[in-house]
There are 2 protein chains.
Amino acid sequence: MVQNRQLSSSLEDYLEAIFNLSKKGKVARSRDIAEILGVARASVTGALKLLNSKDLIDYQPYGYIKLTDKGFQQAQSIVRRHNIIESFFINVLGVDKQIAEQAACKAEHALGPVVISRLLKFTEFSTNYSEKGTDIVADFQKYCRSKGV
Amino acid sequence: MVQNRQLSSSLEDYLEAIFNLSKKGKVARSRDIAEILGVARASVTGALKLLNSKDLIDYQPYGYIKLTDKGFQQAQSIVRRHNIIESFFINVLGVDKQIAEQAACKAEHALGPVVISRLLKFTEFSTNYSEKGTDIVADFQKYCRSKGV
DNA sequence: TAATATAGTTAGGTACGCCTAACTTTGCAA
DNA sequence: TTGCAAAGTTAGGCGTACCTAACTATATTA
């Protein structure tokens with residue numbers, strides 16, 4: 001293990017990809033990580049070494065890639081952030097899933113805990129509000145259409 | 001002039017800082033740019049050369065720093081994005097100005113035009129909505145307080 | 001089981017964005 | 001007007017995050 005300070009955006013992306021691949025019952029494979037992140041296989045190897053040295057994955061050359069407990073925790077919290085943002089974009093702003101996903105990938109590295117927690121609350125809130133006879137989301141969509149967006 | 005592809009986040013920040021300094025009637029000075037962005041003076045020099053080569057500022061060593069028309073346009077659109085995001089954070093999410101500013105600085109490089117335009121619309125919308133007897137913003141604040149956020 | 005395709009690694013290189021240290025230029029004050 | 005502090009530049013270096021090319025290990029399949 002090497003250091004504990006914040007992961008770079010890039011390493012967060014690798015960790016997230018590993019998490020998402022593992023979730024599908026599959027073992028995360030280097031090839032797939034490269035594919036998902038759009039980088040060369042050699043770049044994945046480098047990242048795996050770093051994540052390993054930070055004790056976030058168990059990894060040795062040509063071996064399986066497995067999240068450690070610590071890595072799993074951290075990946076979960078990254079994915080959670082991602083989902084909060086994506087869900088806000090889709091369910092409140094009404095952005096297309098594909099664009100929302102893409103935007104969430106980038107924004108998840110930019111938004112701090114305060115904003116994230118407010119976004120979550122806002123998404124909850126607008127759902128609750130809908131139940132009380134005032135459908136914010138629907139009205140916002142209407143508003144957008146009326147403005148030609 | 002060298003190339004026209006998208007500015008890096010970093011260069012956008014420099015351009016934005018120059019714009020903001022110029023706006024205050026002041027000539028943008030290297031020292032101040034360094035201060036605002038929290039980088040060494042030498043880093044500013046490097047960035048100025050790049051911005052100059054991209055025809056976004058008029059600059060020569062030891063000379064004044066002035067935005068070109070093209071640079072001004074681009075800076076304006078960067079600042080506009082920034083303001084849309086910051087305004088949404090403050091006026092809809094109810095985040096503190098200081099945190100909102102900071103978050104907007106980062107998010108402005110992450111969010112694409114679709115999301116930005118929706119954020120703008122949403123901020124407009126929630127204001128309009130307030131005028132019609134349903135104050136979303138106030139209700140959201142209440143909701144947050146009730147959830148202890 | 002040997003040949004071969006695929007996965008993964010290593011080595012070496014590039015671009016970017018920052019840094020420090022040492023230098024030059026500029027501007028102000030004695 | 002000179003001389004010193006501040007502003008700005010240059011040179012050189014570092015870390016991150018990529019890349020390609022060439023290699024090694026693993027898996028497949030004939």
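First the proteins, then the strands, lettered A, B, ... as listed; each starts at 1. It should be emphasised that the depicted structure is a prediction, and the values quoted were computed from it without experimental measurement.
- Judged purely by atom type and a 3.5 angstrom limit, A:S43 has no side-chain atom pairing as donor or acceptor with the backbone of A:V39.
- Comparing atom distances between the B:A40 side chain and each of C:dT20, D:dG8, C:dT9 picks out C:dT20 as nearest.
- The phosphate of D:dT9 (OP1 or OP2) has no side-chain N or O of B:R41 nearer than 4.0 angstrom.
- Atom CD of B:Q60 is separated from atom C1' of C:dT25 by 14 Å (rounded to the nearest Å).
- Atoms CZ and CG, from B:R31 and B:L21 in turn, are 12.5 Å apart once rounded to the nearest 0.5 Å.
- When atom types are taken as modelled, the side chain of B:K70 and the backbone of B:K54 share a donor-acceptor pair closer than 3.5 angstrom.
- Taking atom OH of residue B:Y62 and atom P of nucleotide C:dT26, one finds them 7 Å apart after rounding to whole Å.
- Listed pair A:T45 / C:dT10 fails the phosphate criterion, with no side-chain N or O lying under 4.0 Å from OP1 or OP2.
- Taking atom OH of residue A:Y59 and atom P of nucleotide C:dA7, one finds them 16 Å apart after rounding to whole Å.
- Using a 4.0 Å heavy-atom cutoff across all strands shown, A:S43 reaches at least one base atom of the nucleic acid.
- Considering only side-chain N and O atoms, A:K49 lies under 4.0 angstrom from the phosphate OP1 or OP2 of C:dT10.
- Two residues are said to be in side-chain contact when any heavy atoms from C-beta on lie closer than 4.5 Å; B:L56 and B:L50 fail this criterion.
- The distance from atom CG of A:L21 to atom P of C:dA7 is 14 Å, rounded to the nearest whole Å.
- The closest donor-acceptor contact from the side chain of B:T68 to the backbone of B:D55 lies under 3.5 Å.
- Counting to the nearest Å, the C1' atom of C:dC18 and the CD atom of B:E35 are 17 Å from each other.
- Between the P atom of C:dC16 and the CG atom of B:D13 lies a distance of 16 Å, rounded to the nearest Å.
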Go through B:L111 and B:L119 one step at a time and tell me if the side chain to side chain contact (heavy atoms under 4.5 Å, CB included) criterion holds. CA-CA 10 Å; B:L111 302 179; B:L119 283 178; 4.0 Å; yes
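- Between D:dG8 and B:Y64, no contact under 4.0 Å exists linking OP1 or OP2 to a side-chain N or O.
- Between the side chain of A:D96 and the backbone N or O of A:Q98 there is no donor-acceptor pair closer than 3.5 Å.
- Taking only side-chain nitrogens and oxygens, A:R31 never comes nearer than 4.0 Å to OP1 or OP2 of C:dT6.
- In this structure, B:Y14 reaches the C:dC18 phosphate: one of its side-chain N or O atoms is under 4.0 Å from OP1 or OP2.
- For the pair A:L51 CG and D:dT16 C1', the computed distance is 14 Å after rounding to whole Å.
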Side chain to side chain contact (heavy atoms under 4.5 Å, CB included) for A:I65 and A:N52? Distances and angles first, verdict last. CA-CA 9 Å; A:I65 300 162; A:N52 190 62; over 6 Å; no
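- One can place CD1 of B:I65 at 14 Å from P of C:dT26, the figure rounded to the nearest angstrom.
- Across all strands, B:S30 comes closer than 4.0 Å only to sugar-phosphate atoms, never to a base (heavy-atom distances).
- B:G38 comes within 4.0 angstrom of sugar-phosphate atoms only, judged by non-hydrogen atoms across all strands, and of no base.
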Where each pair must be Watson-Crick or G-U wobble with both distances under 3.5 Å, what dot-bracket representation of DNA chain C is obtained, with crossing pairs in [ ] and other-strand partners as |? ||||||||||||||||||||||||||||||
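- For A:L11, whose side chain is taken as the heavy atoms from C-beta onward, the closest listed nucleotide among D:dA17, C:dG17, D:dG8 is D:dA17.
- Checking C:dG17, C:dA7, C:dT9 against every side-chain atom of A:R29, the shortest atom distance belongs to C:dA7.
- Close to C:dG17, at under 4.0 Å from its OP1 or OP2, lies a side-chain N or O of B:S8.
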